[in-house]
Amino acid sequence: MHMKKNGFTLLETLVSMMLLAIFLSVIFQLFSGGLKSAKLSDNYNRAIFHAKEKMEELLLQNRIEEGFIDGDFNDGFRWKAKFSEIEKDEKIENKKFPHVFKIDLSIIWMEGEKEKGIEISTIKLAEKSVFENKDDSK
């Protein structure tokens, strides 16, 4: 007398369930990593947009002084700008724009527990500041 096997044994069922659980956990971890990467990429894109916008705003100023300024974009991103005057070569002396400034702009945000940021720099020719002594004849 032969008995027919029409189903799975308990051991086969447990092994297949364990394999399914392992594969699903790996797939969910990959999916989670993809979401984190997408969020980080989105934050870098927003930081680049903010940097372009703020740098254009800073470049519109005709009169610049050395120093620092900072602010907040009200969306979790902050900015810091540093203005420093660059010494010029006498061969490129310019009467209308006697000052050359380097502008360093940083955009900062929090990514979980860590602070992330980008930095961009440019150079701008600027007029004399209104605070300088205009009477050079003495």
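What you see is a predicted model, and the numbers here were worked out from it, not measured in a lab. Side chains included, hydrogens not; waters and symmetry mates left out as well; all remaining heavy atoms used.
Scanning for ring-ring contact (aromatic ring centres under 6.0 Å, His included) contacts around Phe77 gives His50, Trp109, with sequence neighbours left out. With sequence neighbours excluded, the residues forming a side-chain contact (heavy atoms from CB on, under 4.5 Å) with Ile48 are Lys52, Ile118, listed by chain and number.
Within 6.0 Å of NZ on Lys124 lie more than 12 heavy atoms contributed by other residues, nucleotides or ligands.
Among all heavy-atom pairs drawn from Glu12 and Thr9, the shortest one is OE1-N, 3.0 Å. Of all heavy-atom pairs spanning Trp79 and Asp72, the tightest one is NE1-N, 3.6 Å. Scanning all heavy atoms of the two residues, the minimum distance from Ile86 to Phe101 falls at CD1-C, 4.3 Å. Heavy atoms only, all atoms of each residue included: Phe73 and Glu53 are closest at CE2-OE1, 4.1 Å. Minimum heavy-atom separation, Glu66 to Glu85: OE2-N, 2.9 Å.
Put simply, the side chain of Ser37 gets close to the backbone of Gly33: a donor and an acceptor are under 3.5 Å apart.
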(request) Any chance you could lay out the side-chain contact (heavy atoms from CB on, under 4.5 Å) test for Glu111 and Asn43, step after step, and finish with the verdict? (result) CA-CA 9 Å; Glu111 190 77 40; Asn43 283 340; 2.8 Å; yes

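With values rounded to the nearest 0.5 angstrom, Leu40 atom CG is found 12.5 Å from Leu35 atom CG. For the atom pair CD1 (Ile103) and NZ (Lys82), the distance works out to 12.5 Å, reported to the nearest 0.5 Å. Here the CG-CZ distance, from Asp42 to Arg46, works out to 6.0 Å after rounding to the nearest 0.5 Å.
Here the side chains of Asp104 and Lys102 are in contact, with some heavy-atom distance below 4.5 Å.
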